[in-house]
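Notes to accompany the following structure.
Note on naming: letters A, B, ... go to the chains in the order of the sequence lines (proteins, then strands), and numbering restarts at 1 for each one. The figures that follow rest on heavy atoms only: side chains count, while hydrogens, waters and symmetry mates do not.
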Amino acid sequence: MTLFAEIRETVLSAIDALVAEGTLPGGLETRAITVEPPRDAAHGDMATNAAMVLAKPAAAKPRDIAEVLATKLAADPRIEAADVAGPGFLNLRLSGDVWRGVIARVLHEGDAFGRSATGEGRRVNVEYVSANPTGPLHVGHTRGAVFGDALASLLDVAGYDVTREYYINDGGAQVDVLARSVYLRYLEAHGQEVAFEDGTYPGDYLIEVGQALKDKVGDQFVGKGEQFWLAEIREFATEKMMDLIRADLALLGVEMDVFYSEKSLYGTGRIEEALGDLRDKGLIYEGVLEPPKGKKPEDWEPREQTLFKSTEHGDDVDRPVMKSDGAWTYFAPDIAYHFDKVSRGFDELIDVFGADHGGYVKRMKAAVSALSDGRVPLDVKLTQLVKLRRGDEELKMSKRAGTFVTLADVVEMVGPDVTRFHMLTRKNDAPLDFDVDKVCEQSKDNPVWYVQYAHARIHSVLRKAAEAGITPDPENLNTVNDPAELALAAKIAEYPRLIEIAATAHEPHRVAFYLYDLASEFHALWNKGNAEPHLRFFQEDDPSATSGKLCLISAVAIVISNGLGILGVTPVDQM
RNA sequence: GCACCCAUAGCUCAGCUGGAUAGAGUGUCGCCCUCCGAAGGCGAAGGUCGUAGGUUCGAAUCCUACUGGGUGCGCCA
């Protein structure tokens, strides 16, 4: 339980006591009562809206309720002061012992500090990256990979049972294109001149795949028609591409639990089974769709297709699952795939897509809602574009020219830690500027560096103290009592609550912002030591005070390390 | 035409799911910098939270309608 939740319990039992005394009427709804850090620290350590929430049902003035509640709460040893403010807020100031207790707890729990039980062991599946197996990952995929991975870690820390999953789109036309492209490289490896027409992948990365194919099969496909080699090369090339992608992900430290093949859904009855489930629910029918208004395709003709009645589950129009020639649309295997996820017993599903899949969200939610009878929520997180630049120069992507910046390029330029952290310094649904020069800068406006610097600085002090034979010992915590020091401890106390909020909202970027705040406050306290020597962490003639202060900064380092762990960034001890 | 996302300080962005006087970095201006670890520190100015309504004790946050930007819209996945 977080400190905020503990104090909330205290508030609730104070209310119960007031009810028992007859000061407040019984049967009050207390769900809306919150205990939060106030926006302005000058207001105290925590604030509760209890009086305002209870005012109406209790038929009393908020400030009057706040007054009696304040008296009750002030009797608690942990609460030093309870003041009524504004329209009826109750501002609480906690005793120094509470904050010193937080520090001791962090030291005791170590890397378990911040772990939470909010997930209650619920099984959640996070699907991310899922790039087509037709080439190396590029910057866009990088953001999805980092976001999905951090979200998965965040949920794990919050007590969920997390599965990280990659859906391999190896069942559609694009892998045929891949196979044909590899065939061209294969012919090239045999010394032939080849031309890459539109509709093939001209990228250099296929050269070695063509060579590898030659090494494997010799010249048996040369001069043969597609029917002799397409299936085999498709298989061969897809595997090579997945090797490539796995290697790319490894550069970022991303490891999937499950790679799920789209192809495995075809010819195995899985698609038919999933659609059968929808059919049994009366959600599949033959029909003709209206053309989209405004932007009508040139060659629009009304066609009868097999449709999924997604409008019954919140979509705008029904969606085709089968083309007019009887082949499945891409939506059909996706339905089957999500049916499979539901069948595997997940309590929650999360899909991380690129922003260009925005139009796909409603139908996917509709499908999951229908397949699980509303039991399993699906959250789709869209990651917006990454604008990669070096200073004023924009590093452009062009598929036609074959010049696209790959994940490997980015990691090579700035390293995995900087890549990961920076990709998480923006909400997933906001576009991201990634300046490869700026993210490596060593200054305060570079959050990655600033957070790492705080961690390194702390370890530097710890090393220095250790040389003098001083270590952090909670026995000496009573020497930590300056308001500035306790304020830093209070910031640390926010961490577990932040994790719960970020996990519930599926927003890992909050962790990055918190770490920047925490690092700022640590650096500020450090600087304050310049003017006020008693705040310096290393006190020349006072080992016990030093030891107490070491506890405080050790706790900061632990929280930074834990937070960075969620983001997948390695904390450094020196720089 | 429709759907989804976005709009907050000159610039880049936070804002804890409805709370108090809306915050940070950068930029501008003014002081300070013989300081455990240098790559700075303190302070000031800077806002009708895109516009107009609505919901209520209370709105940047929820609802509606507009404006502007992005993404997408039946045999591409």
Side-chain angles (χ1 to χ4, degrees), chain A residues 4 32 34 36-40 42-43 47 49 52 55-56 61-62 85-89 91 130 132 134 169-175 262 288-297 299-303 305 307 315-320 322-331 333-334 354-362 380 382 384-385 425-427 429-431 433 441-447 449-450 453 456-457 460-461 464-465 494 497-498 500-502 504-505 507 509-510 512-514 516-517 520 523-524 526-531 533 535-540 546 574-575:
Chain A
F4 293 88
T34 59
E36 307 180 305
R39 188 164 279 181
D40 187 343
H43 290 138
N49 60 356
M52 288 182 294
K56 209 170 204 180
K61 287 184 194 150
F89 282 102
N91 291 327
S130 296
N132 288 344
T134 54
N169 288 105
D170 54 3
Q174 77 281 1
V175 284
E262 175 195 0
V288 179
L289 284 176
E290 293 288 311
K293 292 195 172 70
K295 188 225 163 205
K296 185 188 281 191
D299 56 346
W300 177 272
E301 282 172 38
R303 257 182 287 264
Q305 293 173 295
L307 301 169
D315 204 354
D316 309 304
V317 289
D318 292 339
R319 305 291 178 175
M322 196 182 268
K323 302 172 194 171
S324 52
D325 67 359
W328 297 117
T329 63
Y330 54 87
F331 188 35
D334 272 352
D356 53 342
H357 288 63
Y360 207 54
V361 173
K362 280 195 175 181
V380 180
L382 301 176
Q384 286 289 339
L385 295 177
T425 53
R426 203 107 311 170
K427 283 184 292 207
D429 49 14
D433 267 333
E441 240 171 53
Q442 303 196 340
S443 72
K444 193 175 178 178
D445 62 327
N446 180 358
W449 179 83
Y450 206 52
Y453 183 37
R457 241 181 173 179
S460 164
V461 176
K464 183 179 170 184
E494 284 179 26
R497 180 171 173 273
L498 169 98
E500 291 184 355
I501 291 166
T504 310
E507 291 182 343
H509 76 274
R510 288 175 192 260
F513 279 97
Y514 169 81
Y516 181 77
D517 277 352
S520 297
H523 288 304
W526 179 294
N527 293 324
K528 219 171 171 193
N530 293 335
L535 288 177
R536 297 184 189 178
F537 302 126
F538 193 87
Q539 296 289 319
E540 296 292 343
T546 302
Q574 48 190 330
M575 48 204 306

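Out of B:G74, B:C16, B:A77, the shortest distance to the side chain of A:L289 is found at B:G74. Nearest nucleotide to the side chain of A:Q384, out of B:G70, B:G74, B:C16: B:G70. Residue A:E262 places its side chain closer to B:A77 than to any other of B:A77, B:G41, B:G19. Comparing B:C16, B:A39, B:A14 by their nearest atom to the side chain of A:Y453 picks out B:A39. The A:W526 side chain lies nearest to B:C36 when the options are B:G19, B:C36, B:A3. Of all nucleotides listed (B:U71, B:A14, B:C36), B:A14 comes nearest to the side chain of A:K427. When each of B:C36, B:U56, B:A20 is scored by its nearest atom to the side-chain atoms of A:K56, the top-ranked nucleotide is B:U56. Nearest nucleotide to the side chain of A:Y516, out of B:C5, B:A24, B:A77: B:A24. Side chain of A:P38, nearest nucleotide from B:U71, B:C36, B:A20: B:A20. When distances are taken from the side chain of A:R426 to each of B:C36, B:U12, B:G41, the shortest belongs to B:U12.
Counting non-hydrogen atoms under 4.0 angstrom, A:A456 reaches a base of the nucleic acid. Note on A:A173: only backbone sugar-phosphate atoms sit closer than 4.0 angstrom, heavy atoms only; bases stay farther off. Residue contacts shown for A:R319 are absent, as no nucleic acid heavy atom lies under 4.0 Å away. A:A355 comes within 4.0 angstrom of the backbone, heavy atoms only, and of no base. A:P302 comes within contact range of at least one nucleobase, with a heavy-atom separation under 4.0 Å. A:E301 comes within 4.0 angstrom of a base, heavy atoms only.
Between atom CG of residue A:D334 and atom CZ of residue A:R319 there is a gap of 13.0 Å, rounded to the nearest 0.5 Å.
The base-pairing partner of B:C33, taking Watson-Crick or G-U wobble contacts with both distances under 3.5 Å, does not exist among the strands shown. Partner assigned to B:C76 is none, using Watson-Crick or G-U wobble distances below 3.5 angstrom. When both pairing distances are held under 3.5 Å, B:A20 makes no Watson-Crick or G-U pair with any nucleotide shown. For B:U61, there is no paired base (Watson-Crick or G-U wobble, both distances below 3.5 Å). B:A7 is paired with B:U67 under the criterion used here, namely a Watson-Crick or G-U wobble arrangement in which both key atom distances are under 3.5 Å.
Between A:N49 atom CG and B:C16 atom P there is a gap of 15 Å when expressed in whole angstrom units. Between the P atom of B:G18 and the CD atom of A:E36 lies a distance of 10 Å, rounded to the nearest Å. Distance, A:W328 CH2 to B:C75 C1': 14 Å, rounded to whole Å. B:G15 atom C1' lies 11 Å from atom CD of A:E507, rounded to whole Å. To the nearest angstrom, P of B:G19 lies 10 Å from CE of A:M52.
Ring pair A:Y453/A:W449 is parallel by interplanar angle, where below 30° counts as parallel and above 60° as perpendicular. Between A:Y360 and A:F331, the ring-plane angle classifies as perpendicular under the 30° and 60° cut-offs.
The side chain of A:H509 places an N or O atom within less than 4.0 Å of a non-bridging phosphate oxygen (OP1 or OP2) of B:G15. Taking only side-chain nitrogens and oxygens, A:R303 never comes nearer than 4.0 Å to OP1 or OP2 of B:C75. Here A:K528 does not reach the OP1 or OP2 of B:C36: none of its side-chain N or O atoms lies under 4.0 Å away. In this model, the phosphate group of B:C4 is approached by a side-chain N or O of A:K362 to a distance below 4.0 Å at OP1 or OP2.
Between the side chain of A:D517 and the base of B:A14, no donor-acceptor pair of N or O atoms lies under 3.5 Å. Applying the 3.5 Å distance criterion, the base of B:C75 shares a donor-acceptor pair with the side chain of A:S324. For A:R457 against B:C36, no side-chain N or O and base N or O form a donor-acceptor pair under 3.5 Å.
If you find the closest nucleotide of RNA chain B to A:V288 and to A:A47, the one lying nearer the 5' end belongs to A:A47. Each of A:G529 and A:D170 was assigned the nucleotide of RNA chain B with the nearest heavy atom; the assignment lying further toward the 5' end belongs to A:G529.
Residues A:G172 and A:E262 share a closest heavy-atom pair of N-OE1, 4.0 Å. Across all their heavy atoms, A:P447 and A:T425 have their closest contact at CG-CG2, 4.1 Å.
Glycosidic conformation of B:U17: syn, with the torsion inside 90° of 0.
Residue side chain A:H43 meets the stacking definition with respect to B:A20: its ring centre sits within less than 5.5 angstrom of the base's six-membered ring centre, and the planes differ by less than 30 degrees. Here A:F89 lies parallel enough and close enough to stack on the base of B:A20, with planes under 30° and ring centres under 5.5 Å apart.
Between A:R497 and A:E494, no side-chain nitrogen of the basic residue sits less than 4.0 Å from a carboxylate oxygen of the acidic one, so the salt-bridge criterion is not met.
The same atom, P, is picked in B:G18 and in B:C63; the two are 10 Å apart, to the nearest Å.
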